[in-house]
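Remarks on the structure that follows.
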Amino acid sequence: MHANGPVFEPRASRPTIAGLPWTLAIVFFALVPLVVGFNQGWLQAGLGRYFPRTVSILLWSGNWLLFWWVCEAMTRAAGRIVRPWHLRPFMLLLLGAVLATVFSPLYLHVYSILFVDYMPASARVSEAEDFGRIFQSGVFLQLLASGSGGILLWLVTNLFLDTYLNGLRFQSLGIARSRNTRGAAGAEPMRVVTSDAPVNPSVPTVFLRLSKMSRPTPDTLIAIEAEEHYLKVHSDQGSELVYYRFGDAVHDLQDWNGLQVHRSYWVARQAVTGVTAHDRKISLTMRNALEVPVGSSYLALVRHAGLMAAPETKIHQGI
């Protein structure tokens, strides 16, 4: 029994789907499109008016699942193809949704073949022919207008999820780095180092401002703490306050073995010695006894980085 309560051994790292925690991935990739598809199917919208309500629900649910998954594939492809242009994540999301809408006559035509027996001959439209006419005057704009609801839902849902996960969604798509470095030119997805292999990164600019203690190394750095316009650098040599922007410091440390866990804290992974849970609040215990709170929007990122399941970590459940 621990002084602060029972001690629990950490669970194994949580599985992910497409770079997202599996529970959120199921909600995003299945529940969201199915709810929208069920609603349109229940209302027997569009071609659904020709079908019984049950068949209409199946038709629309499948249409939305296909559209959603193609949006994901197109966004990932766009992120790789146009990477030299350094487009913002919002533009890449929009590009992926537009491409999915443009190609929708093809893949939705294949899916609709399953329902052709329920459809009257007068309602059977060749989607392939529609795709062939897409570059005719007005047809392209009509297609985008008809798919505007899906495009908007794709954008809003992704922006919300990325905000909730503090940048993890855009990182998993490969279209942005962490929140604090998202606008940088030539941005690559943030790398969270989860091994203890030695690294030899360049000296971050923030450490050049230290005057009272020696510059930390990857082995001696513990944490960076924001205090208004200043930073407190914690290392095995002690702590020192310097004038520097926290967001710039996080950017400087992108190649170091650590990550941001709170709007005011960045921690070195190897310096974490424990995880404390008390009243649904999580904090990390560093080897210098510093207690670092974990922001709720950073919790998924902390778990994804393996800090909640590191071999040396114990989780103390407070009373």
Side-chain angles (χ1 to χ4, degrees), residues 14-40 60-104 107-108 143-192 247 250 259-260 263 295-305:
R14 298 191 176 188
T16 61
I17 300 175
L20 296 177
W22 70 270
T23 50
L24 284 178
I26 291 175
V27 171
F28 179 79
F29 289 111
L31 186 60
V32 171
L34 284 176
V35 167
V36 180
F38 180 87
N39 179 65
Q40 289 193 285
W60 278 107
S61 297
N63 280 353
W64 270 95
L65 281 174
L66 281 172
F67 172 75
W68 209 249
W69 297 342
V70 174
C71 280
E72 175 81 7
M74 290 296 181
T75 301
R76 289 180 179 272
R80 288 168 172 79
I81 294 172
V82 303
R83 181 170 294 174
W85 285 271
H86 309 307
L87 296 181
R88 293 182 177 275
F90 178 84
M91 296 303 298
L92 291 171
L93 287 171
L94 179 60
L95 179 58
V98 168
L99 289 173
T101 302
V102 169
F103 286 98
S104 62
Y107 59 82
L108 293 183
L143 184 60
L144 290 182
S146 65
S148 60
I151 294 174
L152 180 61
L153 181 64
W154 171 256
L155 293 174
V156 171
T157 306
N158 275 279
L159 292 172
F160 175 82
L161 184 60
D162 185 69
T163 300
Y164 177 76
L165 294 176
N166 198 60
L168 183 58
R169 168 57 179 163
F170 289 171
Q171 290 174 241
S172 70
L173 276 171
I175 62 176
R177 58 171 62 177
S178 64
R179 178 179 302 277
N180 291 292
T181 59
R182 187 171 298 162
E188 297 290 338
M190 187 187 76
R191 291 172 291 170
V192 178
V250 173
L259 71 159
Q260 185 179 354
R263 63 182 180 181
S296 58
S297 59
Y298 294 83
L299 187 56
L301 185 60
V302 170
R303 286 172 174 157
H304 182 69

Identify the heavy atoms of [X] and [Y] that sit nearest to each other, and give their distance.
X: Ala78; Y: Leu92; result: O-CD2, 3.9 Å
X: Thr75; Y: Ala97; result: OG1-N, 4.5 Å
X: Leu34; Y: Ser61; result: CD2-CB, 3.8 Å
X: Ala100; Y: Cys71; result: CB-SG, 3.6 Å

Contact check, side chains of [X] and [Y], non-hydrogen atoms, under 4.5 Å:
X: Thr101; Y: Phe67; result: yes
X: Val98; Y: Ile151; result: yes
X: Tyr298; Y: Leu259; result: no

Can you tell me how far apart CG (Leu99) and CG (Leu94) are? Round to the nearest 0.5 Å.
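Rounded to the nearest 0.5 Å, the CG-CG separation comes to 9.5 Å.
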Could you state the interatomic distance from CH2 (Trp60) to CH2 (Trp64), rounded to the nearest 0.5 Å?
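Nearest 0.5 Å value for the CH2-CH2 distance: 8.0 Å.
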Working for side-chain contact (heavy atoms from CB on, under 4.5 Å), residues Phe170 and Leu93:
CA-CA 9 Å; Phe170 289 171; Leu93 287 171; 3.6 Å; yes
Residue list, side-chain contact (heavy atoms from CB on, under 4.5 Å) with Phe90, at least two apart or on another chain:
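Here the qualifying residues are Leu155, Leu159.
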Qualifying residues under side-chain contact (heavy atoms from CB on, under 4.5 Å), relative to Leu299, sequence neighbours excluded:
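Expected list: Ile282, Val294, Arg303.
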Under the 3.5 angstrom rule, does the side chain of Trp69 hit a backbone N or O of Phe29 as a donor-acceptor pair?
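Yes, because the side chain of Trp69 sits within donor-acceptor range (under 3.5 Å) of the backbone of Phe29.
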Sequence neighbours excluded - salt bridge (Lys or Arg N to Asp or Glu O under 4.0 Å) pairs with any residue from residues 61-72
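Pairs touching residues 61-72 that pass the test: Glu72-Arg76, Glu72-Arg169.
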Kindly write out the residues that satisfy ring-ring contact (aromatic ring centres under 6.0 Å, His included) with Phe28, not counting sequence neighbours, or none if the list is empty.
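Phe28 satisfies ring-ring contact (aromatic ring centres under 6.0 Å, His included) with Trp68, Trp154 once adjacent residues are dropped.
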